[in-house]
Each structure stands twice: as C-alpha cells, then as structure tokens.
There are 2 protein chains.
Amino acid sequence: MTTRTPGRPRAFDRDAALEKALVEFWRHGYEATSISTLTAAMGIRPPSLYAAFGDKRALFGECVRRYQERHGALVTRALTEEPTAERAIGRMLRELAADYTDPSHPPGCLIITATANHGPDCADVAEELRAMRLATKQRIADRIAADVRTGLLPDWTDVPGLATFFAAIIQGMSRQAQDGATRADLERVAAMAMHAWPHSPA
Amino acid sequence: MTTRTPGRPRAFDRDAALEKALVEFWRHGYEATSISTLTAAMGIRPPSLYAAFGDKRALFGECVRRYQERHGALVTRALTEEPTAERAIGRMLRELAADYTDPSHPPGCLIITATANHGPDCADVAEELRAMRLATKQRIADRIAADVRTGLLPDWTDVPGLATFFAAIIQGMSRQAQDGATRADLERVAAMAMHAWPHSPA
DNA sequence: CGGGATTTGTATCGAACGTTATAGAATGGG
DNA sequence: CCCATTCTATAACGTTCGATACAAATCCCG
C-alpha cells in the first residue's frame, strides 16, 4: 500500500497542505475560498492541487471529513460516554465552547458556516452540510429518547423540541464565536441553555 | 422634491425592484448574489441598476436599511413596548419565530446570514453587519440592565451573559429556520430559552 | 417640434473564477 | 544510463464576475 511507485515524488506534504486548505475553508467558507487562495495557503500551484485532490469540491470533501474526525468527534464522544442525556449534552456544550474559541484554529463550526451563503452552483455542497447538521440534531434526539425509554426522563418529554433547542444553541454559539465571543462567554451560554432541561435539579 | 426632472422617465418601479433585490440577497447572501442574478430578478438591465442604485454595495446597503425597517423594527418594538425585560424578550423571540418562518419571504435573518461567508474584498460589508448584530445584543443587554436598575431583577443578574445567551438563541433560530424548522419548532425553542430566565415563574 | 437631459438595451470592458494543456524536472526500474 | 512515469511550473483555456461606453429612445421645456 505504501510502496513507492515510479515517477517524481511529491514535493509537498499532502496532509499538511490539506490542513491548510481546511483552515481556509473554515475561515472563509466554501464558495468564498478561491483556488488561488488555497494554493497560496497550501504553498503549491494549481496543477499540484488538482493532481493530489481532484478538484475544489473533492478537496472540500476531504476537509470536511478531516474536520469531522478532528472536531466533530467530540460530539460523538459526549453523547456516547456520559451516563445521562443531560450530562452528555452539558459536556458537549462545554467542549464546543472551548473548541469554537480555540485560538489555534478559526472560530465556530465549519459544518454550520461553510455554505451559509452559496450560489446556485453549490447547492449540492450546501445540501451535504445541511444533511450533516440534521444528522447531528437527530443524534441529540436519539440520546434524549434513550433516557425517556429508560425512565430517566418523563415520557411527556418533548424530544424533538429539545433536540431543536440544543441544535439552535450550538449554531448560535458558533455564530457568537465568529462575532468575537470568548470561551467564557460561550460557557455561560451553555450553562444557561441547560436551565431549559426538564426537571433540572434546582 | 418630487418635481419631475426632464429626461426619459424610469420604466420600472424602483421600490418593487429594490424588494426583489432584497429577496435575492436574503436568500443567497451578499457575495453569492451576482449582478446578473439581481438584474434577472429585478427585471432590468445592468445600466438601469447602476443608474438607480449606484453599485452592488450601495444596493445592498439600501436592502439592509429596508430590511431593518420592515423586519428589524419588531425587535425595537418588543424591547420598548413591554413592561418587563422578560416579557419583552419573550415577545421578541415569539415574533422572530413567526418572521423567520414566514413563507412570504426567505427564511431566517438577513443581518445574521448575508455575510456569513465572504472573501477578503467584502470585509467591510461583513463588518457592517457584524456591528449591527453587536448593537442588537447591546440593546438586549440595555433592556435587561434597566430592569436590574429598577429592582425588577436581582443586582447579581449576569446582564452581558443573558444578552449573549439570547443573541445566540436568535442566531440559532435563524439557522434552524434556514435548515427547515417550522414556526412551531422555533416557538418551542423560544419557550425553552425563556426557562433560562433568572427566577423564572415555575 | 426642436434641444437638453435622462433612461434604455446591446455589447463589451478588464479582472478573477475553476480548470487544464504543455513542457521541463525528478524519480525508480531495466 | 536511458526510459517510462510522475510531479512541477508556466501559461493559458473558456466562463463569469462587477461595472460601463455607446447610441437609440423618451421625456420636459421652450
């Protein structure tokens, strides 16, 4: 698999270049990031980009996958590792507050932001990210529903309503981070959001 | 002022064309809306657009002002007409839930969305909208602070924290509307958000 | 019914977009 | 050491971007 094929070897680090591209898409979104912006950030010329990644769309796809592995995974961990939905979502929000304001990368969430504006040519990219957002909301709903099923939450719990609420909180936190909110700001948002939890321990 | 000047009269309704432009910017954002998209929607040719509105940037400015008058005003009304900050913000969120999902225009909020993605050339437009968002957050803070001053809210109330929380709620509701949430969905988000209110009537 | 003023449609401007043809440079295999 | 193979750099492709030059058309005023 890692056997060397004949021919001139690649002169740049593919993984490092991908990370640079991710940062550009993260900061400026899909459509507003041009090939020349990408090549400048990645330190390569267009033919190298197209040879290594296919085209802009495919490169963005790899960036999204990388983002999901590196940053989206915290959602999965929080939702699966905590004993209750309340603790899971509380942890998720606290960790997102830290990640959205981590100065080592752009603020906010790539999945939420990158196709917020798009022309008619990028409808498919926008739809892909939208499907990912809906999937995350569904995973939140599933985690809450699990607690309803085990009796931890009352069976009159508004499961889809809570899922929509926390999805909105997450997206609002992302936007606030991009508008300059600090980690402490977002942690307070997260704490206040948890007051909406049904039968919260007063 | 409305005296007719000599010369060929304009063959299109400037106000109607402006409304069409607003809808385009609202749906696709500032940078993703091209001049050809605008002229097609407005039913005019580029020279007419430039003669009547200046350039794309100035046209967008007029659309933003129109949006503020037509849709942003509900925030001002809610924050000034209600006797308490809690009722003011509750009403604001309910009315935004209706406006963000009103089928007679694009979903969500223009000010929040239109420059979510932007290249380096549109930094000034993005900054203008960001300043408007920060101003709205500050108006929310001011309304809450007024209730603290009159003793309606305890003086340990986290005024900027609450303002950031509700700003995030509004932005999350806008995003949810664009992802397909219904008015009833957003009204539930609004109701849940009000549970974060300090000393909420249980 | 002429003449200055303004709008209109057509056609186009230079610049930037995503993408690629082409030719030279650098590798491993024979 | 030569060749097939792969990558790199330059330069350019056709298209679309925001914005206009131009001339025909339409108005008010005299």
Side-chain angles (χ1 to χ4, degrees), chain A residues 1-18 20-21 24-25 28-63 114-115 117-126, chain B residues 1-18 20-21 24-25 28-63 114-115 117-126:
Chain A
M1 258 313 181
T2 52
T3 57
R4 290 209 90 327
T5 55
R8 179 174 174 175
R10 183 177 290 130
F12 63 96
D13 183 339
R14 191 184 189 279
D15 201 65
L18 184 58
K20 297 286 190 182
E24 290 302 309
F25 282 130
H28 304 294
Y30 175 70
E31 205 166 7
T33 304
S34 67
I35 296 291
S36 66
T37 296
L38 287 167
T39 53
M42 300 163 87
I44 61 177
R45 257 53 56 191
S48 298
L49 188 155
Y50 282 85
F53 301 102
D55 60 5
K56 183 182 176 182
R57 174 69 207 274
L59 172 60
F60 181 70
E62 282 204 50
C63 289
T115 56
N117 307 133
H118 64 274
D121 298 339
C122 307
D124 54 338
V125 185
Chain B
M1 259 314 178
T2 52
T3 58
R4 287 214 91 324
T5 55
R8 178 174 176 175
R10 182 176 293 129
F12 64 95
D13 182 341
R14 189 184 191 279
D15 201 63
L18 184 58
K20 296 286 190 182
E24 290 302 309
F25 282 131
H28 304 294
Y30 175 71
E31 206 166 8
T33 304
S34 67
I35 296 290
S36 66
T37 296
L38 288 167
T39 54
M42 301 163 86
I44 61 178
R45 257 54 55 192
S48 299
L49 188 154
Y50 282 87
F53 301 102
D55 60 4
K56 183 182 176 182
R57 173 69 205 274
L59 173 59
F60 182 70
E62 282 203 50
C63 290
T115 55
N117 306 134
H118 63 274
D121 299 340
C122 307
D124 54 338
V125 186

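The structure displayed is predicted, hence computed values, not measured ones. First the proteins, then the strands, lettered A, B, ... as listed; each starts at 1. Keep in mind that the numbers below use all heavy atoms, side chains included, and drop hydrogens, waters and symmetry copies.
- Both tests do not hold together for A/Lys20 against A/Phe12: distance to the six-membered ring centre under 6.0 Å, angle to the ring axis within 45°.
- Residue A/Pro47 places its side chain closer to C/dA21 than to any other of C/dT19, C/dA21, D/dG18.
- As judged by a 4.0 angstrom heavy-atom cut-off over every strand, B/Thr33 is placed among residues touching the sugar-phosphate backbone only.
- Across the interface with DNA chain C, nearest-nucleotide mapping of B/Ala11 and B/Asp121 shows B/Ala11 to be the residue nearer the 5′ end.
- Remark: B/Arg57 does not engage B/Glu62 in a salt bridge, criterion side-chain N to carboxylate O under 4.0 Å.
- Side chain of A/Phe12, nearest nucleotide from C/dA5, D/dT8, C/dT8: D/dT8.
- Of all heavy-atom pairs spanning A/Ile35 and A/Lys56, the tightest one is CD1-CB, 3.9 Å.
- For B/Ser34, the listed nucleotide lying nearest its side chain is D/dC17; candidates were D/dC17, D/dT5, C/dG18.
- Among the nucleotides C/dA26, D/dG18, C/dG9, the one closest to the side chain of B/Ser48 is C/dG9.
- OP1 and OP2 of D/dT16 both lie 4.0 Å or more from every side-chain N or O belonging to B/Ser36.
- Taking only side-chain nitrogens and oxygens, A/Arg45 comes nearer than 4.0 Å to OP1 or OP2 of D/dA9.
- In terms of phosphate contacts, B/Tyr50 brings no side-chain nitrogen or oxygen within less than 4.0 Å of OP1 or OP2 of D/dT20.
- Listed nucleotides: D/dT8, C/dT27, D/dA24. Nearest to the side chain of B/Arg8: D/dA24.
- Counting any heavy atom pair closer than 4.0 Å across all strands shown, B/Pro46 reaches a base atom.
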